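All values below come from the heavy atoms of this structure, side chains included, with hydrogens, waters and symmetry mates left out. By convention in this document, chain letters (A, B, ...) are assigned in the order of the sequence lines, proteins followed by strands, and residues within each chain are numbered from 1. Just so it is clear, the model here is predicted, and its values are computed rather than measured.
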Amino acid sequence: MSPWSRNMNLRAGALLTLFFLITALLAYFWTPYDPRALSIIEKLQPPNPHHWFGTDQLGRDVLSLIMVGAQTSVGVASLSVIIGMCVGVPLGLLAAARRGAIDELLMRGNDVIFAFPALLMAILITAALGPGAVNAIVAIGIFNIPVFARVTRAGALPLWTRDYALAARVAGKGPMRISSEHILPNLLGVLAVQGTIQFSLGVIAEAGLAYVGLSAQPPTPSWGRMLNEAQTLTALAPSLAFFPGCAVLLFVLGLNLLGEGLRRGAERPT
Amino acid sequence: MSDSLLDIDDLSVVIGANQLVKTLSLEVHTGEIVGLVGASGSGKSLTALAIMQLLPESAVTTGLVRLRGEALSGKPEALMQQIRGRDIGMVFQEPMTALNPLMRIGDQVGETLRLHQNISALAAKRAAREALDLVGLTGEIGSLDRYPYELSGGERQRVAIAMAAIMSPPLLIADEPTTALDVITQAQVLSLLQQLVRTRNMGLLLVTHDLAIMAQLADRVAVMRQGEIIEQGDAEQVLRHPRHAYTAALLAAAALKPHAGAGRIDQSGDRAPAVLQVVDIVRDFPRKRRSLWRAAPRLRAVDHVSLQVRSGETVGLVGQSGSGKSSLLKVILALESSQGGKVRLLGEDFSSARGAQLHRLRRAIQGVFQDPYGSFDPKWSVERVIGEPFFLLNAQPAAAERRRKIGTMLEQVGLSASDARRLPHEFSGGERQRIAIARALITEPAVIVFDEAVSALDVLLRQQILDLLAQLAKRLNVAYLFVSHDLHVIRAIADRVYVMQHGRIVEEGPTERIFASPRHAYTQALIAAAPKLQAMR
């Protein structure tokens with residue numbers, strides 16, 4: 001790939017991502033209509049100058065619903081990434097610093113979590129704990145833990161063989177201190193990339209859970225549930241499925257482009 | 001003079017905005033060894049690749065390369081492919097990566113032949129056998145069915161040479177063919193190359209940074225600096241009576257003066273207290289288990305090694321790669337535990353020290369490591385890097401005091417105090433090694449351990465760093481334990497030498513005695529194998 005198109009990927013990804021983040025933020029202060037205001041008279045309108053994205057079967061403004069739904073997506077995905085990082089990164093650092101039995105134990109534990117299909121387990125967890133945004137966050141977050149633990153460990157192992165890690169040990173520093181002072185700072189690039197990718201997977205997972213009714217509950221708007229509700233009405237109002245579908249697609253595309261661009265940037269020799 | 005085999009006329013290579021090879025002209029005749037010598041980054045390897053038309057597409061080459069009068073420049077890739085291997089053979093630096101790990105060596109050597117001639121597999125095998133015999137890989141060792149990973153570095157380089165020579169190409173190009181090998185293997189590979197050129201009447205273009213190799217092998221020498229040939233001529237002429245100041249400087253740096261003791265250790269020095277005592281150290285590594293029920297077999301890397309370093313003394317430890325030097329160093333620095341013996345530092349037991357005692361003793365020993373690029377955290381400023389060992393002090397100095405000490409130390413090693421704010425990647429290899437030395441000195445240790453600390457530097461930088469170390473030793477009265485595979489370096493800096501082979505110390509004594517009358521057969525072999533500048537044919 002030429003440097004130009006690589007740069008364009010990064011920019012397009014960053015722009016799309018930023019666009020959705022701003023939308024989510026904006027929805028706290030302003031939406032074209034109250035997303036919870038029902039107006040049966042105006043139900044199932046196709047896109048028109050008053051309602052750009054049309055209205056749903058209860059007459060709510062779809063654009064407003066999507067804007068508020070972005071909050072749910074961003075919130076669930078980002079919090080689950082944070083959970084994954086806060087637990088997974090220290091575990092990965094510990095495994096790389098200590099090696100031996102601790103390493104084996106942690107990594108085999110990871111393998112166990114990896115062995116279950118993530119979304120299936122998330123459904124199980126939310127089914128057991130009850131549906132809701134918080135439980136969706138926990139469920140998706142748990143599956144981010146082994147990903148971050150593995151990426152951190154894999155990145156940390158070669159750093160431990162560098163002479164600067166040796167020099168730090170000669171300077172009397174212990175494994176935990178070296179991990180936080182030398183290893184972690186040099187992994188931030190890798191972790192940012194992985195974080196972006198997990199974020200996009202989180203968006204998809206949230207939409208999936210919401211679709212089967214296991215994420216945020218009504219009346220909180222959510223893209224996944226909008227898709228679910230639109231399903232029975234596709235013949236009557238195809239735009240109802242189109243817009244939330246596009247929102248998921250574009251947001252995930254943006255995040256992936258951003259992640260890919262960051263990765264290529266991180267690979268550049270320094 | 002015989003006909004010109006390879007004729008390079010006004011070759012220039014430009015990549016991006018940098019002109020990396022400048023109007024270079026060079027000839028190689030049949031049956032002649034031409035040395036292309038220069039510091040790293042002088043454009044030697046680029047020149048070799050330009051001859052083969054193997055430069056990346058982003059490189060713009062001008063000038064003319066001719067092989068037996070036929071222009072290679074601008075030849076279509078398909079024709080070049082026929083020429084490579086058939087008319088020009090090439091041997092690369094790294095024997096580890098030059099061979100395909102999944103191909104038997106017989107197939108690999110025969111491949112060149114099968115690519116160029118329509119011959120049967122059997123005939124190719126027979127030819128491969130002959131080629132391997134020619135490079136000295138006979139019988140079991142050179143079995144066609146072996147894989148590269150089963151061979152040692154020197155054996156692999158022989159296979160690479162067999163591959164390059166199987167078609168008897170009139171021209172052989174060897175790019176640092178022995179840099180990755182230890183001295184004894186290096187001597188064998190060099191004499192093999194020499195013999196090939198003589199018996200088959202080939203031309204050899206030998207690219208290297210090592211002037212001593214040139215002195216032993218080359219008929220003519222071309223000296224490169226910053227992409228230009230600044231001097232070329234008869235090897236004897238150039239190496240004995242260099243006309244260019246840069247050549248003279250290279251020669252002076254390569255011919256490291258044997259260390260005269262510099263009056264640092266007088267005869268009474270023998271009674272100076274020992275700062276570091278290594279007593280009977282054993283270091284085993286577990287090997288892969290064969291059975292779940294039996295204990296894993298062990299590999300003994302260090303076998304009952306004892307040595308000592310006295311206050312203010314420079315001790316050399318020399319041995320081939322794999323002799324256990326690095327394993328020993330890790331034990332000495334208390335980074336790894338040993339399976340027997342102990343390390344005493346300032347009279348106290350360092351190897352079993354824990355907690356506060358370990359912390360206190362660590363102050364007395366610091367290390368400088370091999371790779372000037374890997375030894376600093378790329379995100380840390382020089383100031384932070386050098387200040388890291390302050391962690392060992394109970395009362396860490398306040399910011400102002402810290403900055404002052406770091407500034408002084410930077411000046412001690414020949415950098416300036418204002419360099420403190422910069423990042424490691426802004427410095428060259430030689431400067432980085434100075435920073436590493438500053439870091440080792442900042443806690444005023446009694447002894448510093450150097451692990452191949454100048455091996456990655458070219459001769460000029462190596463000379464500067466060794467000079468600096470000698471000065472610092474005198475000024476600060478710090479002892480060095482200097483580990484290297486390079487006898488010249490050891491001879492230039494050490495007062496006393498230990499020779500290590502297969503994990504054991506086989507000989508020890510004052511530097512002069514070891515070099516003048518080595519007693520152990522291995523020491524004799526090491527000294528005999530080292531290329532010597534004086535050994536002009």
Side-chain angles (χ1 to χ4, degrees), chain A residues 1-7 89 92-93 96-104 108 152 154-193 262-270, chain B residues 286 326 329-330 332-336 353-380 384-394 396 423-426 432-433 435-440 442-443 445 448-449 451-453 456:
Chain A
M1 210 186 292
S2 72
W4 184 79
S5 67
R6 185 189 314 152
N7 211 358
V89 171
L93 288 176
R98 282 292 163 83
R99 307 301 310 271
I102 294 182
D103 186 15
E104 280 299 313
R108 294 302 78 80
T152 306
L157 285 180
L159 295 183
W160 272 102
T161 67
R162 293 287 179 88
D163 281 348
Y164 61 78
L166 210 60
R169 292 170 70 198
V170 172
K173 292 184 173 171
M176 292 303 121
R177 185 178 278 271
I178 295 175
S179 287
S180 66
E181 287 183 3
H182 288 292
I183 310 289
L184 184 58
N186 283 296
L187 286 178
L188 288 181
V190 187
L191 290 176
V193 173
L262 287 175
R263 188 179 63 78
R264 284 175 179 273
E267 270 173 5
R268 253 205 316 268
T270 45
Chain B
S326 293
L329 279 193
K330 291 218 169 101
I332 290 178
L333 286 167
L335 296 176
E336 284 174 8
R354 293 283 172 276
Q357 190 197 14
L358 178 68
H359 216 66
R360 178 167 52 79
L361 283 175
R362 275 205 190 283
R363 249 174 270 161
I365 188 163
Q366 285 292 314
V368 174
F369 305 105
Q370 173 168 11
D371 180 7
Y373 295 93
S375 49
F376 310 115
D377 189 327
K379 294 214 154 51
W380 281 32
R384 242 183 124 189
V385 162
I386 296 179
E388 187 167 39
F390 279 138
F391 181 71
L392 289 166
L393 305 182
N394 289 335
Q396 294 194 28
L423 286 170
H425 71 81
E426 298 173 50
R432 283 167 195 235
Q433 230 34 351
I435 297 170
I437 292 166
R439 170 171 62 188
I442 196 88
T443 54
I448 301 180
V449 171
D451 187 6
E452 302 278 8

Subject >> Side-chain donor or acceptor of B:Arg439 paired with backbone N/O of B:Gly367 under 3.5 Å >> reply: no

Subject >> Region of B:Arg363 that comes under 4.5 Å of a non-hydrogen atom in chain A >> reply: neither

**OP:** May I ask you to name which of B:Val368, B:Val385, B:Leu392 has the most heavy-atom pairs under 4.5 Å with chain A?
**Re:** B:Leu392

Original post:
Between A:Ala165 and chain B, which part of the residue has a heavy atom less than 4.5 Å away: side chain, backbone, both or neither?
Top reply: neither

Original post:
What part of B:Ile365 gets closer than 4.5 Å to chain A, counting heavy atoms only: side chain, backbone, both or neither?
Top reply: backbone

Original post:
Between atom CD1 of A:Ile183 and atom CG of A:Leu93, what is the distance when rounded to the nearest 0.5 Å?
Top reply: 8.0 Å

Subject >> Value rounded to 0.5 Å, distance of CD in B:Gln433 from CZ in B:Phe369 >> reply: 10.5 Å

**OP:** Heavy-atom distances under 4.5 Å only: say whether B:Leu335 touches chain A with side chain, backbone, both or neither.
**Re:** both

**OP:** Kindly compute the distance separating CG (B:Leu423) from CZ (B:Arg384), expressed to the nearest 0.5 Å.
**Re:** 11.0 Å

Original post:
Rounded to the nearest 0.5 Å, how far apart are NE2 of B:His359 and NZ of A:Lys173?
Top reply: 9.5 Å

Original post:
So which residues of residues 156-164 of chain A are in contact with chain B at a heavy-atom cut-off of under 4.5 Å?
Top reply: A:Arg162, A:Asp163, A:Tyr164

Original post:
Under 6.0 Å from the CZ atom of A:Arg98, do we count more than 12 heavy atoms belonging to anything else shown?
Top reply: no

Subject >> Aromatic ring proximity, centroids under 6.0 angstrom, B:Phe376 and B:His425 >> reply: no

Original post:
Can you tell me how far CD of B:Glu388 sits from CD1 of A:Ile178, rounded to the nearest 0.5 angstrom?
Top reply: 7.5 Å

